[in-house]
Amino acid sequence: QVQLVESGGGSVQAGGSLRLSCVASKYTYSSSCMGWFRQAPGKEREGVASIASDGSTTYADSVKGRFRISKDNAQNTIYLQMNSLKPEDTAMYYCVANRIQIVADVTAWGGCEFSYWGQGTQVAVSS
């Protein structure tokens with residue numbers, strides 16, 4: 001069973017920074033696409049950033065220039081460095097991983113097809 005465990009969320013003031021981490025277990029991490037989604041109260045879930053096996057990245061327009069996704073293959077971990085945080089970044093952030101077999105329930109974004117989700121980590125940004 002693939003497991004994705006996020007950490008690093010918290011409360012910060014606008015302009016501050018946070019770094020989210022996601023450790024993947026039982027998953028061929030280095031050869032697959034992984035990323036981050038978020039969902040704010042009353043809003044739809046949205047893609048934030050993804051990183052492919054070749055290291056290429058995709059970002060939502062709303063976070064370009066402020067967020068950076070990276071990975072550590074040796075640690076089976078991806079990171080989301082979030083700088084210049086804004087109140088509108090407040091959301092539950094989910095780590096996601098690409099499907100490894102054909103499944104019905106996938107979310108396509110950033111050239112990837114995500115079917116594995118972590119439990120989420122909360123980010124709150126106050127003004």
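Since the model is a prediction, treat every value here as computed from it, not as a measurement. By convention here, the first residue in the shown sequence is residue 1.
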Do [X] and [Y] share a hydrophobic cluster, counting only Ile, Leu, Val, Met, Phe, Trp and Tyr and linking them when any side-chain heavy atoms are less than 4.5 Å apart?
X	Y	result
V12	Y93	yes
I51	W36	yes
L18	Y94	no
V96	Y79	no

Are the side chain of [X] and the backbone N or O of [Y] linked by a donor-acceptor pair below 3.5 Å?
X	Y	value
K86	V125	no
D72	T77	no
R66	S84	yes
Q81	R19	no

Next item on the list: State which residues pass side-chain hydrogen bond (donor to acceptor under 3.5 Å, both in side chains) with D105; sequence neighbours excluded, sorted by chain then number.
Entry: none
Margin query: A quick test of your reading: do over 12 heavy atoms of other residues, nucleotides or ligands sit less than 6.0 Å from CD of Q122?
Written below: yes
Notebook entry, point to check: Got a sec: does the CZ of R99 have more than 12 other heavy atoms crowding it under 6.0 Å?
Noted result: yes
Got a second to check how far [X]'s [atom1] is from [Y]'s [atom2], nearest 0.5 Å?
X	Y	atom1	atom2	answer
K43	T90	NZ	OG1	9.5 Å
M82	I69	CE	CD1	11.5 Å
L20	S7	CG	OG	8.0 Å
M92	R38	CE	CZ	13.5 Å
F114	C33	CZ	SG	4.0 Å

What closest approach, in Å, do [X] and [Y] show between heavy atoms, and which atom pair accounts for it?
X	Y	value
V48	F37	CG2-C, 3.9 Å
L80	A49	CD1-CB, 4.1 Å
P87	A14	CD-CB, 4.1 Å
L4	M34	CD2-CE, 3.8 Å
A91	A40	CB-N, 3.8 Å
G120	E6	N-OE1, 2.9 Å

Notebook entry, point to check: Does the pair Q3 and Y116 meet the rule for a side chain to side chain contact (heavy atoms under 4.5 Å, CB included), with working shown?
Noted result: CA-CA 8 Å; Q3 286 189 323; Y116 298 102; over 6 Å; no
Next item on the list: Report yes or no: is the cationic atom of R45 (NZ for Lys, CZ for Arg) under 6.0 Å from the centre of the six-membered ring of W109, at an angle within 45° of the ring normal?
Entry: no
